[in-house]
Amino acid sequence: MAAVSTHGAEAPIPIKVVVVTTFEEDYQNPAATGESPGEAARWIHGYRLDRIVPVPAGFRPARVNADGVMEYMTGMTTGKAAASTMALGLDPRFDLTHAYWIMAGIAGVDPMQAAQGSAVWTEWIVDGDIDCLIDPREIPPNWPDGHVPWNGSAPTDPPFIPKGQNVGQVYHLDRSLVNWAYGLTSGVKLVQTDAERKFAGKFPGFAGVQKGPRVLIGDNLSSATYWQGTLGTEWARRWVKLYTDGKGTFATSSCEDSGFLQAITLLGKSGRIDPKRVLDLRTASDYTVPHPGMTSAQSLNYDGPNAAYMADKEAFDSAYQVGRVVVDELVRHWDKYRNSVP
């Protein structure tokens with residue numbers, strides 16, 4: 001895999017695709033079955049990522065195969081994602097100049113947009129932590145919530161984002177690449193399990209749920225704070241619209257994407273990676289809104305007959321099933337995609 005330079009030293013390992021995951025409960029031996037409870041095992045097993053390369057400053061080692069496919073785990077939350085991604089990007093043992101990146105993880109999903117098990121290719125990522133917050137007990141009665149844009153004084157003030165600068169508030173992935181990935185995968189059939197179908201029945205009138213698991217394009221709110229509930233989802237919908245100037249629509253909620261994209265942005269400025277080669281695939285494990293008859297606090301409970309349903313295994317499967325279509329295309333036709341972004 002690693003080339004040898006004319007001076008006899010080992011040259012950097014050329015990487016074609018980096019699959020970014022965030023957690024794996026059985027990381028020490030995830031390749032045993034390929035279906036352990038986490039985001040990484042299916043990739044490690046399916047692509048025979050048998051070469052383990054320690055990344056000293058990263059959260060976990062990188063796993064690579066002879067075709068140039070890598071799985072790299074960042075750890076959960078925005079801070080770990082940013083630090084771990086930067087550690088990989090600056091590691092001189094890897095040649096990432098032509099690499100495509102796919103963040104492939106599970107997420108909460110707005111039931112108005114999609115059902116559990118769905119796979120969402122992201123175009124806009126909004127950082128939900130860059131925020132001014134009024135204590136909920138002191139919110140003025142005419143405010144929709146206590147969230148105020150950075151440098152603002154009221155919830156609906158437009159965010160101040162200096163033109164030509166990316167200060168971490170919102171990220172816009174390459175639209176052509178997102179559309180290309182969606183076009184490749186829109187026909188992938190995602191099976192709805194009996195448990196998913198039964199729980200979906202508790203969401204009458206929610207358009208996304210009624211369509212069943214599918215592949216779609218949507219937008220992401222990223223926050224290190226795990227949030228849940230009806231009012232939280234109303235804020236997320238408003239916040240994504242506000243920070244994308246009305247262009248984005250909230251679909252998924254996760255804990256790493258804005259940190260990952262901040263590292264990608266800075267690595268791009270250094271010339272070590274190409275930010276136009278980045279994709280974000282989030283698959284729906286749970287709903288951000290409780291079903292009618294359940295409170296937001298009750299929806300945090302995923303155990304017991306009256307609890308919410310966590311479709312984490314289905315979401316793990318969807319991420320691999322959909323994401324691998326793109327990985328396979330890139331690797332099989334590398335001569336086409338190495339120097340030209342689709």
Side-chain angles (χ1 to χ4, degrees), residues 17-31 34-47 49 52 55 57-64 69-89 99-109 116-122 125-129 168 171 173 218 220-228 251-264 267 278-286 288 302 310-324 326-327:
V17 184
V18 182
V19 177
V20 180
T21 62
T22 69
F23 76 98
E24 176 63 62
E25 294 185 25
D26 186 23
Y27 189 77
Q28 296 304 316
N29 189 27
E35 292 188 1
S36 64
E39 296 170 351
R42 289 155 182 78
W43 296 99
I44 295 170
H45 180 76
Y47 281 91
L49 304 176
I52 301 176
V55 180
F59 180 73
R60 291 281 191 249
R63 292 177 179 257
V64 189
V69 178
M70 171 191 288
E71 178 276 329
Y72 183 66
M73 189 182 302
T74 64
M76 299 176 69
T77 71
T78 52
K80 287 180 181 177
S84 294
T85 302
M86 187 65 73
L88 176 65
Y100 291 83
W101 300 67
I102 302 177
M103 166 68 82
I106 65 174
V109 71
Q116 286 176 321
S118 293
V120 184
W121 291 108
T122 310
I125 293 100
V126 175
D127 191 323
D129 290 324
Y171 302 91
L173 298 186
N220 175 270
L221 183 78
S222 173
S223 169
T225 300
Y226 179 89
W227 58 271
Q228 173 76 8
T252 61
S253 169
S254 63
C255 299
E256 297 82 23
D257 305 59
S258 58
F260 166 65
L261 263 298
Q262 183 64 87
I264 287 291
L267 287 168
V278 176
L279 288 164
D280 187 294
L281 177 65
R282 282 293 179 174
T283 53
S285 60
D286 58 304
T288 61
Y302 295 105
M310 175 68 78
D312 49 357
K313 181 184 182 300
E314 293 89 334
F316 298 144
D317 289 341
S318 293
Y320 179 68
Q321 186 179 355
V322 174
R324 73 165 298 144
V326 172
V327 175

List the atom of [X], the atom of [Y], and the distance in Å for their closest heavy-atom pair.
| X | Y | answer |
| --- | --- | --- |
| Asp286 | Gln116 | CA-NE2, 3.7 Å |
| Trp43 | Arg324 | CH2-N, 3.5 Å |
| Ala41 | Ser36 | CB-OG, 3.2 Å |
| Ala40 | Thr21 | CB-OG1, 3.8 Å |
| Tyr72 | Phe59 | OH-N, 4.2 Å |
| Ser253 | Trp227 | OG-NE1, 3.4 Å |

Do any N or O atoms from the side chain of [X] and from the backbone of [Y] form a donor-acceptor pair under 3.5 angstrom?
| X | Y | result |
| --- | --- | --- |
| Thr283 | Ala315 | yes |
| Thr74 | Thr85 | no |
| Ser223 | Thr225 | yes |
| Glu256 | Gly75 | no |

Per side chain to side chain donor-acceptor pair (under 3.5 Å), Ser254 is matched among Thr78, Thr77, Asn220 by Asn220

_Met103 vs Thr122, test: side chain to side chain contact (heavy atoms under 4.5 Å, CB included). Steps then yes/no._
CA-CA 10 Å; Met103 166 68 82; Thr122 310; over 6 Å; no

Start with the C-alpha gap between Glu35 and Lys313, add the side-chain angles, then the distance that decides, and say whether side chain to side chain contact (heavy atoms under 4.5 Å, CB included) holds. CA-CA 8 Å; Glu35 292 188 1; Lys313 181 184 182 300; 4.1 Å; yes

Using a 4.5 Å cut-off on heavy atoms from C-beta on, say whether the side chain of [Y] contacts that of [X].
| X | Y | value |
| --- | --- | --- |
| Met86 | Leu267 | yes |
| Met76 | Cys255 | no |
| Tyr47 | Val19 | no |
| Trp121 | Val322 | yes |
| Ile125 | Leu173 | yes |

Separation between CD (Glu39) and CD1 (Ile44), nearest 0.5 Å, reads 11.5 Å

Taken to the nearest 0.5 Å, the spacing of Asp317 CG from Arg42 CZ works out to 4.5 Å

side-chain contact (heavy atoms from CB on, under 4.5 Å) filter on Asp127, not counting sequence neighbours, yields Asp129, Ile130, Ser258

Sequence neighbours excluded, the answer for ring-ring contact (aromatic ring centres under 6.0 Å, His included) partners of Tyr100 is none

Q.
Any salt bridge linking Glu71 with Arg60? Criterion: basic side-chain nitrogen under 4.0 Å from a carboxylate oxygen.
A. no

* Evaluate the side chain to side chain contact (heavy atoms under 4.5 Å, CB included) criterion for residues Asp257 and Arg282: first the C-alpha distance (whole Å), next the side-chain angles of each, then the deciding distance (0.1 Å), finally the verdict. => CA-CA 10 Å; Asp257 305 59; Arg282 282 293 179 174; 2.8 Å; yes

| task | Please assess Val326 against Leu281 for the test side chain to side chain contact (heavy atoms under 4.5 Å, CB included), listing each intermediate value before the final yes or no. | result | CA-CA 11 Å; Val326 172; Leu281 177 65; over 6 Å; no

- For the pair Trp101 and Phe260, name the ring-plane relationship: parallel under 30°, tilted 30 to 60°, perpendicular over 60°. tilted

